[in-house]
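Quick note on labels: first sequence line is chain A, next is B, and so on, each numbered from 1. Everything numeric in this text was worked out from a predicted model, so none of it was measured.
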There are 2 protein chains.
Amino acid sequence: MKDVAALARVGTKTVSRVINAEPNVSAATAERVWSAVRALDYHVDLQAGSLRRASGRTRTLGLLLSSIDNPFASAISRAVEDAALPREVSVFASSLDDDAQREEAAVGAFLRRRVDGLILTTMSRSAAYLLPTIQRGTPVVFVDREPVGIDADVVTSDNRAGARRAARHLAAHGHRRIVALIDRLDIQTATERRDGFVEGLTSADSVRATIIDGLHDSEGAERALGELLAGEDPPTAVFGGQNLITVGALRALRARGLQRSVALVGFDDVPLGDLLEPGVTVIRQHPQRIGAIAADRVFARIDGDDSAPVRIVVPTELIARGSGEIIAPR
Amino acid sequence: MKDVAALARVGTKTVSRVINAEPNVSAATAERVWSAVRALDYHVDLQAGSLRRASGRTRTLGLLLSSIDNPFASAISRAVEDAALPREVSVFASSLDDDAQREEAAVGAFLRRRVDGLILTTMSRSAAYLLPTIQRGTPVVFVDREPVGIDADVVTSDNRAGARRAARHLAAHGHRRIVALIDRLDIQTATERRDGFVEGLTSADSVRATIIDGLHDSEGAERALGELLAGEDPPTAVFGGQNLITVGALRALRARGLQRSVALVGFDDVPLGDLLEPGVTVIRQHPQRIGAIAADRVFARIDGDDSAPVRIVVPTELIARGSGEIIAPR
DNA sequence: CTGAAAGCGCTAACAG
DNA sequence: CTGTTAGCGCTTTCAG
């Protein structure tokens with residue numbers, strides 16, 4: 001900036017004014033400054049600025065999700081970016097792989113970089129470690145999973161109701177032997193979906209439900225379902241607890257040619273789910289909406305909204321495409 | 001930091017030493033400092049530090065891709081994050097939507113935040129605007145697309161050869177009326193793939209190839225192919241120039257029940273392409289590998305590697321799953 | 001092993 | 001309308 005000031009023959013403060021579009025600079029001076037900026041390919045150092053700036057804001061956000069590689073997370077990511085763009089806020093992104101240690105490390109890394117706010121899919125047994133951060137004025141909005149031990153903004157899907165709906169849907173199609181393939185139970189949404197699934201069945205008569213939990217990826221789910229299908233008294237219907245699990249289930253069914261005889265409902269949409277044969281019936285989530293709402297919340301908090309924390313639930317919906325409407329045999 | 005120093009009854013420099021694991025601090029002093037850090041939930045300000053630090057490094061990277069929402073980009077993203085994690089580097093991510101203006105804006109935003117390096121899928125007619133940046137010591141590694149007007153590290157797929165292979169594959173299965181659905185030609189890979197496709201056909205006899213370019217999303221591709229299929233002398237085979245286009249083509253074929261009679265080869269893999277019926281034959285790219293190599297290059301440059309720019313081409317491969325092996329009628 | 005002083009690039013506060 | 005001075009939180013340098 002000194003160099004620009006020297007080249008434009010003005011003081012550094014004038015350069016600062018021009019660059020930040022502050023008033024009280026004559027057009028001629030401004031033009032001199034701009035041409036010096038162009039000549040030197042100068043870019044202000046925002047970080048240095050925020051050090052001194054009254055607000056202390058860095059115009060930076062931290063986004064922490066399970067894995068950017070998962071369409072659910074990348075849709076959230078995209079929505080957050082889109083909300084950040086017009087505000088000239090840059091987004092730090094980090095995949096946590098549902099690992100609590102990685103979560104704390106990544107949150108720490110972002111805090112050391114003085115992000116103005118955090119959007120977080122937490123994995124921690126307790127998110128209380130973020131309390132001082134919030135109190136010090138760095139808002140945290142939780143997405144996808146409810147945090148434990150902290151009262152803060154949360155945006156989630158309607159996990160329990162969605163799973164209940166899936167269970168009822170399968171029972172309504174005559175299924176009495178249903179298996180639910182569930183993620184690791186240390187993931188909050190997994191227990192929610194399992195509970196919802198169980199709730200959905202209590203009203204139905206004599207359904208024999210098997211719950212397999214601790215599944216986390218496609219391969220594990222495929223293997224688990226494969227064993228059940230090969231065993232005695234195999235299920236006539238499957239509930240896939242998240243998108244990767246549903247994909248694993250699809251593969252297990254396909255491998256045995258059962259995709260048209262065993263029913264399947266997945267939680268969270270699956271890419272090209274409408275193009276498979278049969279189409280994959282899912283409880284659709286709205287990750288884009290979740291991301292947009294979460295971004296709205298952080299920015300509102302950053303802008304000083306200090307109302308009570310809110311808990312926003314984005315409804316899911318059942319998309320019937322065929323796989324979930326397969327009728328139970330006999 | 002002053003507060004921590006006061007609480008631990010040491011100077012700020014000692015706090016700095018402890019936090020940065022520098023030598024020459026007694027164990028007892030270090031412990032006092034750590035407990036003060038915990039008591040205050042203190043996090044160093046890395047940005048303030050890098051202002052004064054000799055290296056000037058911010059341990060920050062800028063990653064600019066077409067859209068994080070596309071599996072190709074999110075795989076790259078994931079690979080870059082994984083390379084950044086052990087180096088304690090945080091990654092700024094931004095989707096550019098193949099918009100040159102958005103690109104320059106996002107690059108500027110990251111430069112103003114003093115990233116140590118940039119990984120970029122460029123859209124600009126000329127990337128020469130980055131020359132001063134590179135000369136000043138901020139490395140830029142281009143991914144996916146070759147930049148124009150600048151000599152810098154590039155990591156791409158084997159676009160031309162891959163497209164050639166796709167064309168030959170279809171011709172070898174007897175197709176003589178083939179349509180290539182190509183992205184906007186201002187995207188470098190689109191012209192490469194179109195040219196490769198055409199090259200692949202010149203050796204084959206009397207193939208009537210139609211090239212439709214300017215397609216950018218699934219819907220556009222679906223509409224374009226739909227019209228061709230409904231017209232006179234419809235194609236017997238289709239080449240999808242990128243993953244979204246391939247999906248659009250799949251939908252167009254499905255809508256007319258032609259997925260088993262019209263051949264299809266797509267460039268870039270499609271999610272669940274192996275589970276569709278027929279399976280989708282693709283020229284598979286390796287985005288994860290591209291991302292990993294690109295990250296390696298930036299970090300090498302950041303660490304002072306000033307050898308000549310390299311141009312790394314990651315080979316593609318044809319994955320035959322059925323749709324591309326449909327034989328031409330008659 | 002420890003701390004004081006200076007200064008990184010910028011903006012706030014104020015003086016002209 | 002413009003410039004000067006101080007200081008943001010840290011690390012460098014150097015002196016104890």
Side-chain angles (χ1 to χ4, degrees), chain A residues 1-34 36-37 40-60 88 108-116 136-138, chain B residues 1-34 36-37 40-60 88 108-116 136-138:
Chain A
M1 179 175 260
K2 261 192 325 203
D3 300 339
V4 174
L7 186 60
R9 278 166 300 121
V10 296
T12 64
K13 179 62 218 188
T14 300
V15 175
S16 173
R17 271 192 269 260
V18 171
I19 281 170
N20 297 298
E22 287 172 30
N24 296 330
V25 181
S26 76
T29 310
E31 188 37 54
R32 273 216 321 288
V33 170
W34 278 123
V37 164
L40 300 173
D41 190 48
Y42 170 75
H43 298 262
V44 223
D45 187 329
L46 249 39
Q47 333 235 79
S50 64
L51 204 58
R52 190 66 175 90
R53 212 184 314 273
S55 74
R57 295 294 172 213
T58 56
R59 308 199 76 83
T60 263
E88 299 188 81
F110 290 172
L111 256 22
R112 285 194 290 279
R113 290 180 173 86
R114 295 293 183 271
V115 295
D116 294 340
R136 229 181 286 112
T138 304
Chain B
M1 179 176 261
K2 263 193 322 202
D3 300 339
V4 174
L7 186 58
R9 278 167 301 120
V10 295
T12 63
K13 178 62 219 185
T14 300
V15 175
S16 172
R17 269 191 270 261
V18 171
I19 280 168
N20 296 298
E22 288 172 30
N24 296 328
V25 181
S26 76
T29 310
E31 187 39 53
R32 272 217 321 286
V33 170
W34 279 123
V37 164
L40 300 173
D41 189 49
Y42 170 74
H43 298 262
V44 223
D45 187 328
L46 249 39
Q47 333 235 77
S50 64
L51 203 59
R52 190 67 176 86
R53 210 183 317 272
S55 74
R57 297 293 174 216
T58 56
R59 306 200 77 82
T60 264
E88 302 188 78
F110 290 172
L111 256 24
R112 285 194 290 277
R113 289 177 175 88
R114 295 294 183 269
V115 293
D116 294 340
R136 229 180 286 113
T138 303

Given [N], is OP1 or OP2 found less than 4.0 Å from the side-chain N or O atoms of [X]?
| X | N | answer |
| --- | --- | --- |
| A:Thr29 | D:dT2 | yes |
| B:Tyr42 | D:dG9 | no |
| B:Asn20 | D:dT11 | yes |
| A:Ser26 | D:dT2 | yes |
| A:Thr14 | D:dG3 | yes |
| B:Ser16 | D:dC10 | no |

Classify the side chain of B:Arg17 versus the base of C:dG3 as yes if they form a donor-acceptor pair under 3.5 Å and no if they do not.
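Yes.
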Whole angstrom is fine here: how far is it from [atom1] in [X] over to [atom2] in [N]?
| X | N | atom1 | atom2 | value |
| --- | --- | --- | --- | --- |
| A:Arg59 | C:dC10 | CZ | P | 17 Å |
| A:Arg113 | D:dC10 | CZ | C1' | 15 Å |
| A:Met1 | C:dC8 | CE | P | 14 Å |

Can B:Asp116 and B:Thr60 be counted as having a side-chain donor-acceptor contact under 3.5 angstrom?
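No, no side-chain donor-acceptor pair sits under 3.5 Å.
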Nearest to the side chain of A:Leu51, which nucleotide is it out of C:dG3, D:dC8, D:dT11?
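Of all the options, the side chain of A:Leu51 is nearest to D:dC8.
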Which nucleotide, C:dA4, D:dG9, C:dG9, lies nearest any side-chain atom of B:Lys13?
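Ranking C:dA4, D:dG9, C:dG9 by closest atom to the B:Lys13 side chain puts C:dA4 first.
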Hey, are the side chains of B:Asp45 and A:Leu51 touching, using non-hydrogen atoms and a 4.5 Å cut-off?
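A side-chain contact exists here, since the closest heavy-atom pair is under 4.5 Å.
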Quick check on DNA chain C: between B:Asn24 and B:Gly49, whose nearest nucleotide comes earlier from the 5' end?
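Its nearest nucleotide lies further toward 5', so the answer is B:Asn24.
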Specify the residue among B:Thr12 and A:Arg53 whose closest nucleotide of DNA chain C lies further upstream toward the 5′ end.
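Looking at DNA chain C, the more 5' nearest nucleotide goes with B:Thr12.
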Heavy atoms under 4.0 Å, any strand shown: does B:Asp45 hit a base, just sugar-phosphate, or nothing?
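Touches sugar-phosphate only.
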Taking all heavy atoms of A:Thr14 and all of A:Thr29, pick out the closest pair and write down the distance.
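Nearest pair, atom of A:Thr14 first, then A:Thr29: CG2-CG2, 3.8 Å.
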